[in-house]
Amino acid sequence: MSAPILVFDSGVGGLSVLAPIRALLPGLPVVYAADNAGFPYGTRSEAEIAARVPALLGRLVERFRPRLVVIACNTASTIALSHVRAALDLPVVGTVPAIKPAAAASRTRVIGVLGTAATVRQPYVDRLSAEFAADCLVLRHGSARLVELAEAKLAGTVVTAADVAPELAGLTDQPGGDRLDRVVLACTHFPLLAAELAAAGPRALGFVDGGAGIARRVAHLLGASAPTPIGASAPTPIGAFAPGRAVFTRADAHVDALAPALKGFGLATVETL
Ligand code: DGL
């Protein structure tokens, strides 16, 4: 079997990036790694993330020998991507807020960035806003609650639009928020709540995330090994997936509760690092 790719997040959020990668490259073996012992990242300091993520990815790369790493976490990417690239001798794809496509699509020129508290305060977000959304009002809101809700949903708890509505209001209630028309889901956990978020808005909002773009980037970096043409949109049956495994940094009851959802993403084996 060929070497896998490694998809990394603090928790289940990276599954929202894994799904489009699997859809585009169903035959690619995957190791999905979640640092649940360090979860949540979004309330940690820059120094903690910058120290923890490169060291952990170093261990994971040594253990699984992937051909490519995807940091499927905006918090880790906006803080530690350059440190990780400097530490690892293989291609590393990061996940950064999809401000460029959101700004390109906005008619009202008011966009929102919904991420973790750590992500929305990053200079990386300032730079993306200046480069791609200079003529937009860019509202930001950090939410730890949505991260918890996404974890709970995948562990089998029912999450409703009413649960997520206060978090969306964190954007729409800001000055200018009444004109908001595009929301960047700048935390990989949030697309897992796409249906609830869409139902929670005061009006129809366009939600934008980077998953499909990351999948195309991975396919490009893997070159000829991409078995499915870019742009193929038909969902791939789970049965066609190459075997995937999920690795957590700590065994606990939450991980046990996630097993059925992980299976749905083609991750039949669950283990602890
Ligand atoms: N999924 C992560 C992100 O994209 C962070 C979640 C967390 O651990 O706070 O930012």
Side-chain angles (χ1 to χ4, degrees), residues 6-21 32-54 56-57 60 69-84 92-99 102 112-125 128 140-155 159 164 167 170-171 183-194 196-197 207-215 217 246-250 252 254-255 258 261-262 265 267:
L6 181 84
V7 178
F8 174 79
D9 182 36
S10 59
V12 296
L15 296 173
S16 74
V17 177
L18 178 64
I21 293 174
Y32 182 82
D35 182 16
N36 59 325
F39 173 90
Y41 280 2
T43 51
R44 290 185 180 275
S45 69
E46 282 73 2
E48 282 177 291
I49 302 288
R52 185 173 183 96
V53 172
L56 178 55
L57 279 170
L60 287 162
V69 169
V70 179
I71 305 182
C73 173
N74 290 262
T75 309
S77 300
T78 55
I79 294 171
L81 185 56
S82 55
H83 306 268
V84 172
V92 180
V93 178
T95 305
V96 299
I99 288 172
V113 179
L114 194 57
T116 65
T119 295
V120 300
R121 68 170 180 255
Q122 290 313 308
Y124 209 122
V125 177
L128 289 172
R140 305 181 193 192
H141 180 64
S143 172
R145 178 79 184 131
L146 287 176
V147 176
E148 283 169 20
L149 287 169
E151 292 281 334
K153 179 180 173 181
L154 268 69
V159 175
V164 307
E167 305 308 312
L171 286 173
V183 176
V184 180
L185 297 179
C187 168
T188 53
H189 278 74
F190 301 172
L192 300 172
L193 298 169
E196 294 80 0
L197 285 163
F207 294 93
V208 186
D209 71 78
I214 291 167
R217 179 83 189 130
V247 183
F248 288 79
T249 51
R250 184 176 66 199
D252 59 25
H254 179 62
V255 172
L258 290 172
L262 294 170
F265 284 87
L267 304 171

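Quick note: numbers below take in every heavy atom, side chains included, and nothing from hydrogens, waters or symmetry partners. Counting starts at 1 for both ligands and their atoms, following the listed order. Residue numbers run from 1 in the order of the sequence given. The shown structure was predicted, so the numbers you read here are calculated from the model rather than taken from an experiment.
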Any donor-acceptor N or O pair under 3.5 Å, side chains E167, S143: yes
Can you tell me the protein heavy atom closest to atom 10 (O) of ligand 1 and the distance? T75 OG1, 2.6 Å
Indicate yes or no: does an N/O atom of T116 lie under 3.5 Å from an N/O atom of ligand 1? no
Where does P40 meet ligand 1, judged by heavy-atom distances below 4.0 Å: at the side chain, the backbone, both, or neither? both
Sub-4.0 Å heavy-atom approach of C73 to ligand 1: yes
Nearest protein heavy atom with distance in Å, relative to atom 9 (O) of ligand 1: G42 N, 2.8 Å
Answer yes if the side chains of D35 and S10 hold a donor-acceptor pair under 3.5 Å, and no otherwise. no
Taking salt bridge (Lys or Arg N to Asp or Glu O under 4.0 Å) as the definition, give me every residue that meets it alongside D209, ordered by chain and number, with sequence neighbours left out. none
Shortest reach to atom 4 (O) of ligand 1 by a heavy atom, considering only T119, N36, N74, I79: N74
Which is it for D9 and ligand 1 at heavy atoms under 4.0 Å: side chain, backbone, both or neither? side chain
N/O separation below 3.5 Å, H189 to ligand 1: yes
I'd like to know if the side chain of T249 and the backbone of A37 have a donor-acceptor N/O pair within less than 3.5 Å. yes
State which residue, out of V69, V7, I21, I214, fulfils the side chain to side chain contact (heavy atoms under 4.5 Å, CB included) condition with V93. I214
